[in-house]
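Some notes on the structure that comes next.
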Amino acid sequence: EVAEIRPVLWRDPAAILRMATAVEARSEHPLAGAVVEAARGRGLEWPPASGFTAVVGRGAFAEVDGRRYHVGNHAYAEAIGVCGPEVERHLAELEAAGRTPVILSDGTSVLGILGLADRLREGAAEAVGALRDLGVRPLVMLTGDVRGTAEAIGRRAGLDEVRAELLPDQKVAVVRALAEAHGSVGMVGDGINDAPALASATVGIAMGAAGTDAAVETADVALLSEDLAKLPEAVALGRRALAIIRANILLSLATKAAFVVLAALGQATLWMAVAADMGTSLLVIGNGLRLLRRRAVSEW
């Protein structure tokens, strides 16, 4: 959520928010969504923009009334050459306060800076604790946000490690390194910047309700709600399903082996053959149906 607006070249905070919203209105990034919600909450109307272009991992730009405006992070502002001593001072103060700066620029000067404060998603700490109880370790957060904000959120969520200020390709590198170190890794994401890392993980999990199309299409599993409690439930259900599959395979092989022995001894009958075939199928189906019985994650 937008916690504060700092004027730089433009002195009117409403004008800064209005123009930032014009650029971000077509973006699917969570930070863009927060900017749009702030403008709506203040009852502001913003001008139409054209030529919206996302700069992956950095920000976006669009044209309003024939002039190009940029909205992005610190690295993006440096890349287009608009950072100066005054801007750096504002950014240092915002980052020290654990806020994510979003910089509005016209390509030559910084017009204003929005300070966004991250809200911990409801149930996040509980979901992280449940995953830890299931033996999922380490629990690592990968984010493009500034380090101060990321570490504050990581502590509140109870994560083991935080990797901040990452571009999409850097997230991929971290996921691959974790997979190499631990054998397998599950990646949970909902944004377009998460899609490459989701594809690189052993199991990619997209938050389906809040996720972008790119994230949902790339992931192996899509959660059809924003309830983070579904994460440990999905892990537990997957383990339980695998245990039942193994039990069914062993049951089928044991039944077939017993029938082969009886047949070799001349003791097998037609009814035994039917029982070995259809009976085993019914047992496997019945055992599999146990997955329909809901249980608490702690019982799994």
Side-chain angles (χ1 to χ4, degrees), residues 1-122 143-150 152-153 165 190-193 210 212 226:
E1 58 187 358
V2 176
E4 65 176 296
I5 301 173
R6 296 196 174 197
V8 182
L9 183 63
W10 287 2
R11 308 314 299 176
D12 182 6
I16 295 168
L17 180 57
R18 187 181 294 112
M19 188 57 68
T21 305
V23 177
E24 296 278 50
R26 294 176 56 189
S27 174
E28 295 182 325
H29 197 281
L31 294 181
V35 172
V36 173
E37 283 301 314
R40 286 176 178 161
R42 290 166 170 80
L44 299 179
E45 294 184 1
W46 52 90
S50 61
F52 171 82
T53 303
V55 182
V56 178
R58 294 181 183 269
F61 63 83
E63 292 186 1
V64 179
D65 296 330
R67 189 171 185 179
R68 178 171 292 181
Y69 292 90
H70 304 260
V71 175
N73 58 19
H74 191 173
Y76 186 40
E78 289 182 340
I80 62 176
V82 296
C83 271
E86 182 184 5
V87 174
E88 293 287 354
R89 177 178 61 79
H90 284 301
L91 296 179
E93 290 174 358
L94 287 168
E95 293 174 7
R99 290 176 176 169
T100 301
V102 174
I103 303 163
L104 172 66
S105 166
D106 61 3
T108 58
S109 303
V110 171
L111 309 178
I113 305 172
L114 286 70
L116 276 68
D118 279 343
R119 292 177 297 175
L120 190 64
R121 189 189 294 263
E122 185 177 351
T143 178
D145 283 346
V146 295
R147 185 166 303 280
T149 300
I153 291 293
E165 300 176 7
D190 62 5
I192 191 169
N193 291 341
T212 62
E226 296 187 48

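Throughout, residue positions are numbered sequentially from 1 according to the sequence presented.
The side-chain heavy atoms of Val110 and His90, taken from C-beta on, include no pair separated by under 4.5 Å. Side-chain contact between Val82 and Val87 is absent, with no heavy atoms from C-beta onward closer than 4.5 Å. In this structure, the side chains of Glu78 and Arg58 stay at 4.5 Å or more apart for every pair of heavy atoms. Taking the side chain as every heavy atom from C-beta outward, Ile80 and Phe61 never approach each other to under 4.5 Å.
Within 6.0 Å of atom CD in Glu4, more than 12 heavy atoms from other residues, nucleotides or ligands are found, so the atom counts as buried in its surroundings.
Considering all non-hydrogen atoms of both residues, Ala150 and Thr143 come closest at CB-CG2, 3.6 Å. A pairwise comparison of heavy atoms in Trp10 and Ala15 identifies CZ3-O, 3.7 Å as the closest pair. Taking all atoms of both residues into account, the shortest heavy-atom contact from Ala34 to Val2 is O-CG2, 3.8 Å. The heavy-atom pair separating Ile16 from Gly112 by the smallest distance is CD1-CA, 3.7 Å. For the residue pair Pro47 and Ala22, the shortest heavy atom distance occurs at O-CB, 3.4 Å. Nearest heavy atoms, Tyr76 versus Gly59: CD2-CA, 4.3 Å.
Put simply, the side chain of Arg89 never gets that close to the backbone of Pro85: no donor and acceptor are under 3.5 Å apart. Side-chain atoms of Asn73 never come within 3.5 Å of backbone atoms of Thr100 as a donor-acceptor pair (strictly under, hydrogens ignored). Arg18 places no side-chain N or O within 3.5 Å of a backbone atom of Ala39 that could act as its donor or acceptor partner.
To the nearest 0.5 Å, atoms OG1 (Thr21) and CD (Glu37) are separated by 10.0 Å. Distance check: His74 NE2 to Ile113 CD1 gives 9.0 Å after rounding to the nearest 0.5 Å. Atom-to-atom distance recorded for Leu17:CG and Ile5:CD1 is 4.5 Å, nearest 0.5 angstrom. How far CE of Met19 is from NE2 of His70: 12.5 Å, rounded to the nearest 0.5 Å. Atom CZ of Arg68 sits about 6.5 Å away from atom OG1 of Thr53, to the nearest 0.5 Å. Within the model, atoms CG of Leu111 and CZ of Arg11 stand 11.5 Å from one another, a figure rounded to the nearest 0.5 Å.
The only member of Val23, Val35, Val36 that meets side-chain contact (heavy atoms from CB on, under 4.5 Å) when paired with Trp46 is Val36. For the pairing with Pro101, the side-chain contact (heavy atoms from CB on, under 4.5 Å) check across Leu94, Leu114, Asp145 returns one residue only, Leu94.
Every residue was checked against the salt bridge (charged side-chain N to carboxylate O under 4.0 Å, His left out) condition with Glu165, not counting sequence neighbours, and none meets it.
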